[in-house]
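What follows is a single structure, written as structure tokens, with notes after it.
We use all heavy atoms of the structure for the numbers below, so side chains are in, but hydrogens, waters and symmetry mates are not. Residue numbers start at 1 and run along the sequence shown. Remember, it's a predicted structure, so these values are computed and weren't measured experimentally.
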Amino acid sequence: MNTYYITGMNCSACSSHIEQLVRKIPGVTSCEVSLVTGSMVVEGNVSSEIIISAVTELGYGISSSKDNGNRDFLRKLTPDLRSSVLKFLFSLVLLALLAYIATGHLMFNLPLGSVLAGSPDRIAYAELILASVIILINGDIILRGYRGLVRMMPTMDTLVAIGVSAAYLYSANRIALLNTLLSLGMHNEASQILPGLFFESSAMLIVIVTFGKILEKKAQGNTTNALKKLLKITPKTAHRLDAMDVRPSSSPAANQRTEDINADELQVNDIFVVLPGEYIPADAVILEGVSSVNESGITGESMPREVAEGDSVTGATINIDGLIKCRTVRTGADTVFGQMIQTVKDALTTKAPIARVADRVAAWFVHGVIILALVTFAVWYFVLNKSLAEALEYAVAVLLVSCPCALGLATPMAVTVGSGKALDNGILFKEASAIETIGRIKYAAMDKTGTVTAGTPEVTSVTSVSDISTKHILHLAGILECFSNHPLAGAITAKSGIKTPDTYGLMDEEMTDIIRTVFMEQSSSGILSIRDFSEVSSGGVQALINNHRVYLGKLDFIKEKVVVSPEVSATCGDMARKGETVLLLATASKVLGIITVNDTVRPNAAEAVAVLYRDGIIPVMLTGDNLYSAIGVAERVNIKNVRSDCLPTTKATIIRDLKARGMTAMVGDGINDALPLTEADVGIAVGSGSEIARDAGSVVLVNSDPLSLIKAIRCGRLTLKVIHQNLFWALCYNIIGIPLAAGALSALDMRLTPVFAAICMALSSLIVVGNSLRIYFADLSNAALLKEGSLELTKIQTMGEEYFRKLEKSADSEGLLHKTTHPASNPDEPIFDGFMGIDGNVSDDNAQKTANGEKAPTRIANLIIDGMVCEHCESTVCNIIKAHVTTVNIVISHKKNAAIVEYKGILNEALLKHELSVAGYNLIKVFDDSEKTT
């Protein structure tokens, strides 16, 4: 994939013609031209020289972007209007003089001076000279217009060129008649020709068009302000420590030699220091120092983050108040910031589906206008027998009033501003189609862990069922869990405050008290002894503490070790039905206490769900966790549609079912979410999640706040609304303006002169750009969204189930069964009946059967494939694999040179390697994982 920058484009017809031309070049598989950024992305096996030559022949400037970088991209986003403004100002002075001669003298009898007074020929030649100079100054418009006409690729410049030339040549021809009359002594008749000259009109037309282009370019420049702000914070320098002088010191960089280098020159594992107030030049790990970091430029989050030794920091964030020494982890385009920049660039160079339709219309729009202008001239001159001058005025007005730019800019302007607004709020749209699609979604499927919840378990309660205090229970549990790497163990040790060094050596006072109280032992040695630690998968942990056996684990695990009373079992059941993970602490003789752990719901999650309901979007929670844990979280955030115990394939199946009912988004953060993210109409990846999830999603929520989902949807909806408004305006303007300019209402004395038509044309584009800029002023602040969410939560609490019954009725009207999830009647055997008409026990319709009638096992294979460079390659490889393997699901990433294939039956590696090699790809390795039963 190669990117080029093009200059000289003035309307969507220009970009469409370039796309059409480049796509016809042998070897080019796809071409996207962005009128807003002036960039062109070409995919295929073709040399840059051929591309550059073809575009140059069309009359446009083009340069390759291989070595340009962010600063050059920023320069290209900021239009240089100085020369255009100077030409306009000079032309305006000449136009004022021309108007004084042509209009001031004839209409208001203003003095002309002895040189011109009483000389019709001198007046006519003065107008000719001034108009000629003005047209020459702005001649690039005329040249581009006729160049497009010659190549049968007319643009808006072609319409202007024809209109201006027609008025100018007609007036020049009238001068010849004026001279003939003067030679015959017919002075009065010659003077009467002067009002029929259109020199001032032709000059005014081109000056108005030039001014309109300046305003349009200036406004277009404002639409990329968010990207410009992002590019401007690109770190420029770094203080790298001398490679021979990276010794540790009491103060970071104290007495150590540094050299100031360009940030782009940093290499992985380089050591650098960052002073207070400076930008961090690359992704790194802190080696020394304590500080706080402002990450608002990356995440949109205004609160600084405290960092210390061992913490990771991101490039392009600001070190606020401490001196830190860091080791480089990623540099340049590989940094989080670099990937963000590239993602935004990619989004601006792709097109939304609705934009492609508008571009196709705009490409043929100019042809239609030229034909309409010719028909208008013919009707007025030949059919209605009007004068040549009058027929010409109508035809020129038709050419000038039409505005393909308004139609072509309607979508890209809105998408660019919408993407920028999203970027300001920590949301990345990877492609333009995503911002259009997300604005249409009806269902929002969300993974539980890491999306609705923070993914970090916390101890929620400690209950004593013996004479041991809760403080002692937690302390003893922390001693046990110190030796486990399980996430639940981390939550308990964090709550207890126990660290590994606390588990050996002399016992502190509290541990001595615990040994005395729990084991009824007066310990004399004062030494803590922990032996024979073991961990049972999905069960619990056990160890000998000072020769006394202690257990911590789930109810079933503890029941195998010690007698559990019915009362304790009932209490555990009640807690489990609330969604808590229940752990029991016990000795060999009795149960001491109950500890509950639960994943914490993300802040603002309940408000975000409430706003989803308010906006008419049905939230659905999908999780691989058990039903009770799922319900516990769902009830806290008021999600009524839940599916638990989901495998990735189950989530993908549910997504497919939802898509059949309406546009569906999937929000996830883990590796197991990659399949459903790609299956959904729009995949939304949480920024704090796995890299695979971020690659699979077409939208990334950088700061992981649930309100970011609302902001992304609002950006999409507002952008889609503005696109529709822009298209409506562009179509209505041309539908009304062209007939009016053609004289359809001339009988009512309603018509457009060529000058007024040119003004309308310029204003039409400006209205589209200005309407798009309104997106910037939308209030997407957390405060505003939290206020909306709080009001909706109050309504939910007030109305209770009646609130959701309205949703059920709405769903039933669409043929859906919107069920409210509730615990099963038998708590020991939880079941789920499904939701919205989806069967709780989703079957795999594609499952193959073995010879004895059982379902064939599903296998997962990881394929390493070299040679993929773009999404087109991914599609080709996907089709090849599907043609030779019975696939259930498949995820392909050209960036990772990998494919994950879930399949049934046999995967013939040799056959795949051959078929892929024929297509130009190399199957390097196949890692076939263990099978599982569907």
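- Contact of the Lys640 side chain with the Tyr613 side chain is registered, since non-hydrogen atoms from C-beta on lie closer than 4.5 Å.
- Here the side chains of Ile890 and Ile881 are in contact, with some heavy-atom distance below 4.5 Å.
- Residues passing the ring pair (Phe, Tyr, Trp, His ring centres under 6.0 Å) test with Tyr733, sequence neighbours excluded: Trp729.
- Checked by atom type and distance alone, the side chain of Lys442 never pairs as donor or acceptor with a backbone atom of Leu658 at under 3.5 Å.
- Glu19 places no side-chain N or O within 3.5 Å of a backbone atom of Glu32 that could act as its donor or acceptor partner.
- To the nearest 0.5 Å, atoms CD1 (Ile438) and SG (Cys715) are separated by 8.5 Å.
- Checked against side chain to side chain donor-acceptor pair (under 3.5 Å), Ser708 has the following partners two or more places apart in sequence or in another chain: Asn703.
- Shown here are the side chain to side chain donor-acceptor pair (under 3.5 Å) partners of Ser781, two or more places apart in sequence or in another chain: Asp779.
- Rounded to the nearest 0.5 angstrom, Ser698 OG and Asp681 CG are separated by 9.5 Å.
- Using a 4.5 Å heavy-atom threshold, the side chains of Ile654 and Cys646 count as touching.
- Atoms CD and OG1, on Glu679 and Thr664 in that order, are 10.0 Å from each other to the nearest 0.5 Å.
- Rounded to the nearest 0.5 Å, atoms OG1 (Thr600) and CD (Glu458) are 4.5 Å apart.
- The shortest side-chain heavy-atom distance between Thr719 and Glu436 does not fall under the 4.5 Å cut-off.
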Exercise. Go through the steps to decide whether Met868 and Thr876 satisfy the test side chain to side chain contact (heavy atoms under 4.5 Å, CB included), and finish with yes or no.
Key: CA-CA 9 Å; Met868 296 188 293; Thr876 302; over 6 Å; no
Quiz item: Does the pair Ile435 and Ser419 meet the rule for a side chain to side chain contact (heavy atoms under 4.5 Å, CB included), with working shown?
Solution: CA-CA 7 Å; Ile435 198 170; Ser419 299; 4.0 Å; yes
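- Scored by the side chain to side chain contact (heavy atoms under 4.5 Å, CB included) test, Lys721 finds Gln725 as partners (sequence neighbours excluded).
- Put simply, the side chain of Arg23 gets close to the backbone of Cys31: a donor and an acceptor are under 3.5 Å apart.
- Judged as a side chain to side chain contact (heavy atoms under 4.5 Å, CB included), and not counting sequence neighbours, the contacts of Ser790 are Glu607.
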Practice problem: Could you walk me through whether Lys795 and Tyr803 pass the side chain to side chain contact (heavy atoms under 4.5 Å, CB included) test, one step at a time? | Solution: CA-CA 8 Å; Lys795 187 185 296 184; Tyr803 181 91; 3.8 Å; yes
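- Looking at residues two or more places apart in sequence or on another chain, you find no side chain to side chain donor-acceptor pair (under 3.5 Å) involving Asn879.
- By the salt bridge (charged side-chain N to carboxylate O under 4.0 Å, His left out) test, Lys448 pairs with Asp625, sequence neighbours left out.
- Every residue meeting the side chain to side chain contact (heavy atoms under 4.5 Å, CB included) condition with Ala610, not counting sequence neighbours, appears here in chain and number order: Glu792, Leu793, Ile796.
- Annotation: side chain of Leu720 is in contact with side chain of Arg440 (closest heavy-atom distance under 4.5 Å).
- No side-chain heavy atom of Met40 sits under 4.5 Å from any side-chain heavy atom of Ser34.
- With Leu612 as the fixed residue, the side-chain contact (heavy atoms from CB on, under 4.5 Å) test singles out one of Ile441, Asn638, Ile713: Ile713.
- The main-chain N or O of Leu707 is never found under 3.5 Å from a side-chain atom of Asn604 such that the two would form a donor-acceptor pair.
- Not a single donor-acceptor pair under 3.5 Å links the side chain of Asn771 to the backbone N or O of Ile767.
- At a threshold of 4.5 Å between non-hydrogen side-chain atoms, the residues Arg774 and Val417 do not count as touching.
- Thr29 meets the side chain to side chain contact (heavy atoms under 4.5 Å, CB included) test with Glu43, His872; sequence neighbours excluded.
- The residues Asp447 and Lys651 are annotated as salt-bridged, a charged nitrogen and a carboxylate oxygen being separated by less than 4.0 angstrom.
- Shown here are the side chain to side chain donor-acceptor pair (under 3.5 Å) partners of Thr453, two or more places apart in sequence or in another chain: Asp599.
- Shown here are the salt bridge (charged side-chain N to carboxylate O under 4.0 Å, His left out) partners of Glu788, two or more places apart in sequence or in another chain: Arg614, Arg714.
- With Leu780 as the partner, the side-chain contact (heavy atoms from CB on, under 4.5 Å) test is satisfied by one option alone out of Ile775, Ile710, Asn425: Asn425.
- The side-chain heavy atoms of Val415 and Ile723, taken from C-beta on, include a pair separated by under 4.5 Å.
- Residues satisfying the salt bridge (charged side-chain N to carboxylate O under 4.0 Å, His left out) test with Asp334, not counting sequence neighbours, are none.
- For the atom pair CD of Glu874 and OG1 of Thr678, the computed distance is 10.5 Å after rounding to the nearest 0.5 Å.
- Expressed to the nearest 0.5 Å, how far CG of Leu622 lies from CE of Met666 amounts to 5.5 Å.
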